[in-house]
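Read through the structure below, which is laid out as structure tokens, and then see the notes.
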Amino acid sequence: MSKLPPDFYERVYALVRCIPLGRVTNYGALARALGADGAARTVGYALNACHSDSSIPAHRVVNRNGLLTGKFHFGGLSAMQQQLEAEGIRVENDAVVDFDRHFWDPSEQTTRAKSSENEPLMSKRL
DNA sequence: AACATGACTATGG
DNA sequence: CCCATAGCCATGT
């Protein structure tokens, strides 16, 4: 079947732009939604290439632990946290509070979620 | 094609 | 919680 297109980065950016305000996701989920399960590192690499582009809410992308691992690329170490808090997301000790509660599964954007709004609280694998 | 890099993830101590 | 190791994948040189 078709493998990963050359515009892998563009897909990452597009998916990141689809992240609802006040929501966050992790690199692995994005990679999986893009059909590149396991390419979580590449997703972060793609965001690094965007170097804090204002059009891309990269601040909503954190690692699977909810840690703001990319905050060092936002110019200020507190810029990423401030942006998240500005959207109603509480950050403590460089980690998103209630990460699983604010977690947004990118698969809901690409796949047909039937009643995704009914049960947004699902134990992933924490 | 080989090597090095990285905003990752999982497991173990 | 902190640190080390291994596996993973796309990109650039």
Side-chain angles (χ1 to χ4, degrees):
Chain A
M1 303 302 277
S2 58
K3 36 193 183 182
L4 297 184
D7 39 21
F8 184 79
Y9 282 19
E10 292 300 323
R11 292 196 171 218
V12 174
Y13 303 147
L15 199 53
V16 171
R17 289 196 187 95
C18 290
I19 301 176
L21 193 150
R23 292 272 197 161
V24 291
T25 187
N26 61 17
Y27 304 93
L30 289 171
R32 192 180 306 115
L34 292 173
D37 184 24
R41 310 187 68 163
T42 312
V43 174
Y45 201 80
L47 289 172
N48 184 18
C50 84
H51 66 89
S52 307
D53 190 310
S54 304
S55 308
I56 305 175
H59 58 273
R60 298 177 188 151
V61 184
V62 297
N63 73 345
R64 74 101 188 159
N65 196 13
L67 298 176
L68 285 65
T69 52
K71 70 175 191 174
F72 296 102
H73 298 263
F74 280 77
L77 298 180
S78 54
M80 187 176 185
Q81 177 175 339
Q82 287 179 0
Q83 286 182 86
L84 287 172
E85 289 182 333
E87 299 182 356
I89 300 177
R90 195 150 64 89
V91 178
E92 197 167 291
N93 194 15
D94 299 338
V96 176
V97 180
D98 295 327
F99 172 64
D100 55 330
R101 191 164 68 87
H102 293 290
F103 180 78
W104 175 77
D105 190 345
S107 303
E108 298 178 3
Q109 185 64 25
T110 55
T111 61
R112 286 297 180 186
K114 0 186 179 173
S115 55
S116 54
E117 297 300 327
N118 271 353
E119 307 168 77
L121 274 173
M122 289 299 296
S123 51
K124 298 296 177 186
R125 35 173 142 47
L126 268 156

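Any value given below was found using the heavy atoms of this structure, including those in side chains, with hydrogens, waters and symmetry copies removed. Quick note on labels: first sequence line is chain A, next is B, and so on, each numbered from 1.
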Rounded distance in Å - [atom1] ([X]) to [atom2] ([N]):
X       : N      : atom1 : atom2 : result
A/Tyr9  : B/dA7  : OH    : P     : 11 Å
A/Leu84 : B/dA7  : CG    : C1'   : 13 Å
A/Arg60 : B/dA7  : CZ    : C1'   : 17 Å
A/Leu67 : B/dG6  : CG    : C1'   : 17 Å
A/Lys71 : B/dA7  : NZ    : C1'   : 12 Å
A/His51 : B/dA7  : NE2   : C1'   : 14 Å
A/Asn65 : B/dT11 : CG    : P     : 13 Å
A/Leu30 : C/dA10 : CG    : P     : 15 Å

Atom CZ of A/Arg17: over 12 foreign heavy atoms under 6.0 Å: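 Count over threshold, so yes.
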For the side chain of [X], starting at C-beta, report the closest nucleotide among [options].
X       : options              : value
A/Phe74 : B/dA7, C/dA10, B/dC8 : B/dA7
A/Arg41 : B/dT9, B/dG6, B/dA7  : B/dG6
A/Arg64 : C/dT11, B/dA7, B/dT9 : B/dT9
A/Asn63 : B/dT9, B/dA7, B/dT5  : B/dT9
A/Ala36 : C/dA10, B/dT9, B/dA7 : C/dA10

Using Watson-Crick geometry (N1-N3 plus N6-O4 or O6-N4) or G-U wobble (N1-O2, O6-N3), each under 3.5 Å, C/dC8 is paired with none
Spell out yes or no: do the side chain of A/Tyr27 and the base of B/dA7 have one donor N/O and one acceptor N/O closer than 3.5 Å?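 Side chain to base: pair found, below 3.5 Å.
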Treating [X] as the side-chain partner and [Y] as the backbone partner, does any N or O pair qualify as donor plus acceptor under 3.5 Å?
X       : Y       : value
A/Asn63 : A/Asn65 : yes
A/Arg64 : A/Gly28 : no
A/Tyr45 : A/Tyr9  : no

Would you indicate what A/Ala58 reaches in the nucleic acid, counting non-hydrogen atoms under 4.0 angstrom: base, sugar-phosphate, or nothing? base
Classify A/Phe72 by what it touches in the nucleic acid, base, sugar-phosphate, or nothing, heavy-atom distance under 4.0 Å. nothing
Within less than 4.0 Å of OP1 or OP2 of C/dC8, is there a side-chain N or O belonging to A/Thr42? no
Starting from the C-alpha separation in whole Å, work towards a yes-or-no answer on side-chain contact (heavy atoms from CB on, under 4.5 Å) for A/Phe74 and A/Gln83. CA-CA 10 Å; A/Phe74 280 77; A/Gln83 286 182 86; 3.6 Å; yes
